[in-house]
Amino acid sequence: MTTPYDPHAIIQLGESTMDSWAQGSRIEGVEVELATNEASQAEVRVFDPDPEFRLLQSLTSGDGIAELPVRVWLGFGEGKALGGPVFEGVLARVERDFSTTILRCFDVGFKMRKVQRTEYHRGLTDLEIIARLAKRNGLRFEGPDEKIALDKHKSEKQEGETDWAFAMKCAERAGLVLYVRGETLFAKEAVKTGREVLTLNFREDFMLMDDFRLSYRIPENQEGTPARVETRGRGRGGRRLKGESQRERRGTELLELKRDLRVKSKRHADRRAEARKALQREHAFDCSVGVLPSFTGPRPDARSTVKLDKLGTLFSGRYLCDRVTHIFAPGELTMELDLYRDIKPRA
């Protein structure tokens with residue numbers, strides 16, 4: 001008999017639904033991994049000893065299985081108490097061993113990874129190109145929280161690349177991070193720590209994974225970002241252009257020097273330097289944390305702020321979620337957080 005305090009998993013696969021409460025231990029396990037700048041994914045393991053492969057048979061049409069929509073709920077209780085789905089995506093692959101069927105699913109951005117194209121994007125900024133690619137793959141689009149100034153490309157060639165790979169290239173130039181949640185492609189600025197959605201006290205609320213894996217890097221990137229990035233390339237007519245990011249008082253100085261790097265203007269070069277400073281860096285702190293979620297506690301996502309406490313002066317503080325993994329097994333639900341943190345620049 002189940003209670004509101006028992007872990008609960010519901011998987012909606014096309015028109016069919018699997019429920020860990022209603023179907024006992026048929027759901028052997030579920031693992032959902034939420035990330036940015038790469039695909040979020042879910043793995044569902046279903047106990048299916050039927051020699052006729054009944055589950056796969058129900059999904060098969062013709063000689064294959066359709067790209068079915070998938071939604072996964074994990075939590076405690078049922079109905080509203082269970083909250084919204086932790087994952088929404090599409091079925092991308094099925095596997096089978098002696099008694100288990102494995103369903104591998106990716107977020108809806110999978111649609112942008114299926115076709116390689118060669119074409120030109122004319123008169124658009126990098127952000128407008130990303131929005132266009134999202135729309136033609138049936139995704140909604142949400143851009144940065146604040147308006148950013150970007151140059152329009154006279155003619156930008158997408159050459160033998162998937163829409164996702166080309167969107168990533170545009171996002172990197174603009175200093176943006178891409179990720180998909182539900183049916184929406186987000187292009188956002190590099191996140192900064194804010195108000196925490198969860199506070200974890202050591203030895204009370206969480207345990208550290210990988211034999212207490214805590215890391216602090218000194219002295220190369222003490223600020224988590226370089227002190228300055230300089231970009232050098234060729235502009236229109238082959239003229240030399242140099243871009244510079246804003247300067248910090250501490251940290252390393254990086255030089256990006258590429259003879260074939262095309263930059264349209266000084267503003268473009270400066271933007272590229274600032275983007276590299278924001279996105280391509282090693283963080284000063286990182287750690288992995290295992291959590292037993294509470295029945296009513298908040299559920300962080302990648303980019304959420306989490307506060308770690310009672311870890312001493314060095315490691316206590318607010319961290320950002322780089323990756324969030326939910327792991328379900330019958331009677332058990334855990335959450336793993338990959339966290340990072342930078343040091344604030346000195347005034």
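Residues take their numbers from the sequence shown, with the count starting at 1.
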Would you check, one step at a time, whether the test salt bridge (charged side-chain N to carboxylate O under 4.0 Å, His left out) holds for Glu119 with Lys157?
CA-CA 6 Å; Glu119 63 181 347; Lys157 188 176 182 181; over 6 Å; no

Checking Asp107 side chain against Ser40 main chain: does a donor-acceptor pair fall under 3.5 Å?
yes

Donor-acceptor pair, Thr100 side chain versus Asp97 backbone, under 3.5 Å?
no

Do the side chain of Ser20 and the main chain of Ala9 share a donor and acceptor less than 3.5 angstrom apart?
yes

Counting only N and O atoms by type, is there a donor-acceptor contact under 3.5 Å from the side chain of Glu172 to the main-chain atoms of Met168?
no

If you round to the nearest 0.5 Å, how far is CZ of Arg132 from CG of Leu127?
14.0 Å

As a quick check of understanding, evaluate side-chain contact (heavy atoms from CB on, under 4.5 Å) for Leu13 and Leu91, giving each step before the final call.
CA-CA 8 Å; Leu13 181 63; Leu91 179 62; 4.2 Å; yes

Treating Ile, Leu, Val, Met, Phe, Trp and Tyr as nodes and any side-chain heavy-atom pair under 4.5 angstrom as an edge, say whether Trp164 and Phe141 lie in one connected cluster.
yes

Just wondering, do Thr36 and Arg303 contact through their side chains at under 4.5 Å, heavy atoms?
yes

Hey, quick one: are Trp73 and Val30 part of the same hydrophobic cluster, counting side-chain heavy atoms closer than 4.5 Å, chains of contacts allowed?
no

For the residue pair His326 and Phe87, is the inter-centroid distance of their aromatic rings smaller than 6.0 Å?
no

Before accepting this row, confirm whether a basic side-chain N of the pair Arg181/Glu88 lies closer than 4.0 Å to the acidic partner's carboxylate O.
no

With a sphere of 6.0 Å drawn around CZ of Arg96, does it hold more than 12 non-hydrogen atoms of other residues, nucleotides or ligands?
yes

Would you mind reporting whether Phe166 and His121 have side-chain heavy atoms less than 4.5 Å apart?
yes

Sub-3.5 Å donor-acceptor pair from the side chain of Glu189 to the main-chain atoms of Asp145, do we have one?
yes

For the atom pair OG1 (Thr101) and CG (Leu56), what is the distance rounded to the nearest 0.5 Å?
4.0 Å

Step by step, would you call Tyr179 with Asp301 a side-chain contact (heavy atoms from CB on, under 4.5 Å)?
CA-CA 11 Å; Tyr179 58 100; Asp301 195 350; 5.8 Å; no

Hydrophobic cluster identity match, Phe76 and Met18, side-chain contacts under 4.5 Å:
yes

Quick one: does any side-chain atom of Asp322 pair with a main-chain N or O of Leu339 as donor and acceptor, under 3.5 Å?
no

Once the angle between the rings of Phe206 and Phe202 is folded into 0 to 90°, is it parallel (under 30°), tilted (30 to 60°) or perpendicular (over 60°)?
tilted

Please report the C-alpha distance between Phe328 and His8 in whole Å, then the side-chain angles of each, then the deciding distance to 0.1 Å, and finally whether the ring pair (Phe, Tyr, Trp, His ring centres under 6.0 Å) criterion is met.
CA-CA 8 Å; Phe328 170 87; His8 191 188; 8.3 Å; no

State whether the side chain of Thr305 and the backbone N or O of Gly194 hold a donor-acceptor pair below 3.5 Å, judged by distance alone.
yes

Hey, are Arg140 and Glu183 close enough for a salt bridge, meaning a charged N less than 4.0 Å from a carboxylate O?
no

Glu161: which of Lys169, Arg113, Arg117 passes salt bridge (charged side-chain N to carboxylate O under 4.0 Å, His left out)
Lys169

Side-chain (Arg45) to main-chain (Leu103) donor-acceptor, under 3.5 angstrom:
no

Checking the side chain of Ser58 only, and the main-chain atoms of Leu55 only, is there a donor and an acceptor separated by less than 3.5 Å?
yes

Where does the angle between the aromatic ring planes of Phe285 and Phe315 fall among parallel (under 30°), tilted (30 to 60°) and perpendicular (over 60°)?
perpendicular

Within 45 degrees of the axis of the six-membered ring of Phe47 and under 6.0 Å from its centre: does Arg26 put its NZ or CZ there?
no

Report whether Leu82 and Ile11 are members of the same hydrophobic cluster (ILVMFWY, side-chain heavy atoms less than 4.5 Å apart, transitive linking).
no

Establish whether Met335 and Leu292 are linked, either directly or via other cluster members, by ILVMFWY side-chain heavy-atom contacts under 4.5 Å.
no

Under a 4.5 Å cut-off applied to non-hydrogen side-chain atoms, are Lys111 and Arg136 in contact?
no

Where the side chain of Trp21 meets the backbone of Pro7, is there a donor-acceptor pair that is under 3.5 Å apart?
yes

Distance col, row Glu31:CD vs Gln41:CD, nearest 0.5 angstrom, shows 8.5 Å

Could you state the interatomic distance from CD (Gln12) to CZ (Arg71), rounded to the nearest 0.5 Å?
4.5 Å

Whether over 12 other heavy atoms sit under 6.0 Å from Glu204 CD
yes

Which distance, rounded to the nearest 0.5 Å, do you find between the OG of Ser16 and the CG of Leu68?
7.5 Å

Euclidean distance, Leu133 CG relative to Thr162 OG1, rounded to 0.5 Å
9.5 Å

